[in-house]
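This chain uses plain numbering: 1 for the first residue, then up along the sequence.
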Amino acid sequence: MNRVSDWTFHGFAKEFDGHVREQLPWYELASAAMGLIARQYIPKGGKVYDLGASTGNVGRVLAPTLEARCARLTALDECPDMVEAYNAPGRALRADITRFDYKPFDVAVAFLALMFLMHVGSNISNLGSQWIYLLEGLLDLGAAAVLVFEKNVKAFFGK
């Protein structure tokens, strides 16, 4: 099985939250850490992107901060099932995160999402040479991009 070309989230939205917590016992801890980091960079009236949002974990973790600071969250996911199942603050859009027309923002969170982009497994050493520079260019001075990966992405895609 080629995990890059064979894997899909289509039809998986209902099971996703339980599955990810079963497969990644550290998921809640990593989610909380992401929230602690991201909230330091979300200003009043700020703009946040959740890249590869699935059912809304990032939005749910950031909900108190988003509300307290009147910040806006846009959740992006390519899978229509995930966009439909999105259950968190902000609005969910079906979009390819590598081609989306990003507006200036304060925080972009890619929580366990980048490893599912096409060719990452075979091209992991060039990850930063593509769309990530677009995000970097859009970040305001003092902002943050929080990226979370599986511990060993090369091994994940090498199976």
Side-chain angles (χ1 to χ4, degrees), residues 4 7-10 12-13 16-17 20 24 26-151 153 156-157:
V4 175
W7 175 254
T8 178
F9 285 101
H10 183 73
F12 192 57
F16 179 79
D17 288 327
V20 74
L24 305 173
W26 45 264
Y27 189 78
E28 294 298 332
L29 179 64
S31 297
M34 172 279 304
L36 289 171
I37 294 166
R39 76 178 185 193
Q40 301 305 313
Y41 295 91
I42 301 172
K44 288 188 179 204
K47 174 68 176 167
V48 179
Y49 281 109
D50 180 1
L51 311 178
S54 64
T55 62
N57 178 60
V58 169
R60 290 188 296 273
V61 170
L62 295 178
T65 302
L66 296 168
E67 183 177 341
R69 299 182 187 166
C70 299
R72 301 172 324 269
L73 182 138
T74 301
L76 306 175
D77 203 293
E78 195 168 31
C79 179
D81 295 352
M82 291 296 186
V83 172
E84 184 177 324
Y86 184 81
N87 182 22
R91 64 183 180 134
L93 302 175
R94 182 177 180 201
D96 178 341
I97 65 173
T98 66
R99 293 182 172 86
F100 186 74
D101 183 21
Y102 293 93
K103 305 301 181 215
F105 60 91
D106 301 290
V107 176
V109 179
F111 192 80
L112 295 168
L114 296 182
M115 64 188 188
F116 290 102
L117 295 177
M118 290 299 293
H119 310 297
V120 171
S122 61
N123 201 17
I124 193 72
S125 63
N126 294 323
L127 179 64
S129 69
Q130 298 172 19
W131 68 275
I132 199 73
Y133 287 118
L134 171 63
L135 296 181
E136 179 184 26
L138 293 172
L139 289 169
D140 291 333
L141 186 62
V146 179
L147 308 175
V148 178
F149 289 91
E150 164 63 30
K151 181 179 178 183
V153 176
F156 179 85
F157 284 106

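Using a 4.5 Å heavy-atom threshold, the side chains of Arg91 and Tyr86 count as separate. Side-chain contact between Thr74 and Val48 is absent, with no heavy-atom pair separated by less than 4.5 Å. By the 4.5 Å heavy-atom criterion applied to side chains, Tyr102 and Leu76 are counted as neighbours. Under the 4.5 Å side-chain criterion, counting only non-hydrogen atoms from C-beta, Glu78 is not in contact with Ile97. Contact check for Lys103 versus Asp101: side-chain heavy atoms found under the 4.5 Å cut-off. The side-chain heavy atoms of Leu62 and Pro89, taken from C-beta on, include no pair separated by under 4.5 Å. Taking the side chain as every heavy atom from C-beta outward, Leu93 and Val83 never approach each other to under 4.5 Å.
Taking all atoms of both residues into account, the shortest heavy-atom contact from Ala71 to Ile42 is CB-CG2, 3.6 Å. Closest of all the heavy-atom pairs between Asn57 and Ser31 is ND2-OG, 3.0 Å. When every heavy atom of Gly35 is checked against every heavy atom of Val61, the shortest pair comes out as CA-CG1, 3.7 Å. Taking every heavy atom of both residues into account, Gly45 and Arg72 meet most closely at O-NH1, 3.4 Å. Here the closest heavy-atom approach between residue Gly59 and residue Leu66 is recorded as O-CD1, 4.2 Å.
Between the side chains of Asn87 and Thr55, no donor-acceptor pair of N or O atoms lies under 3.5 Å.
For the pair Lys47 and Tyr49, the distance from NZ or CZ to the six-membered ring centre is under 6.0 Å and the angle to the ring normal is within 45 degrees.
Between the CZ atom of Arg94 and the SG atom of Cys79 there is a distance of 7.5 Å, given to the nearest 0.5 Å.
Around the CD atom of Glu67, the shell of radius 6.0 Å holds no more than 12 heavy atoms that belong to other residues, nucleotides or ligands. Atom CD of Glu84 has 12 or fewer neighbouring heavy atoms from other residues, nucleotides or ligands inside a 6.0 Å radius.
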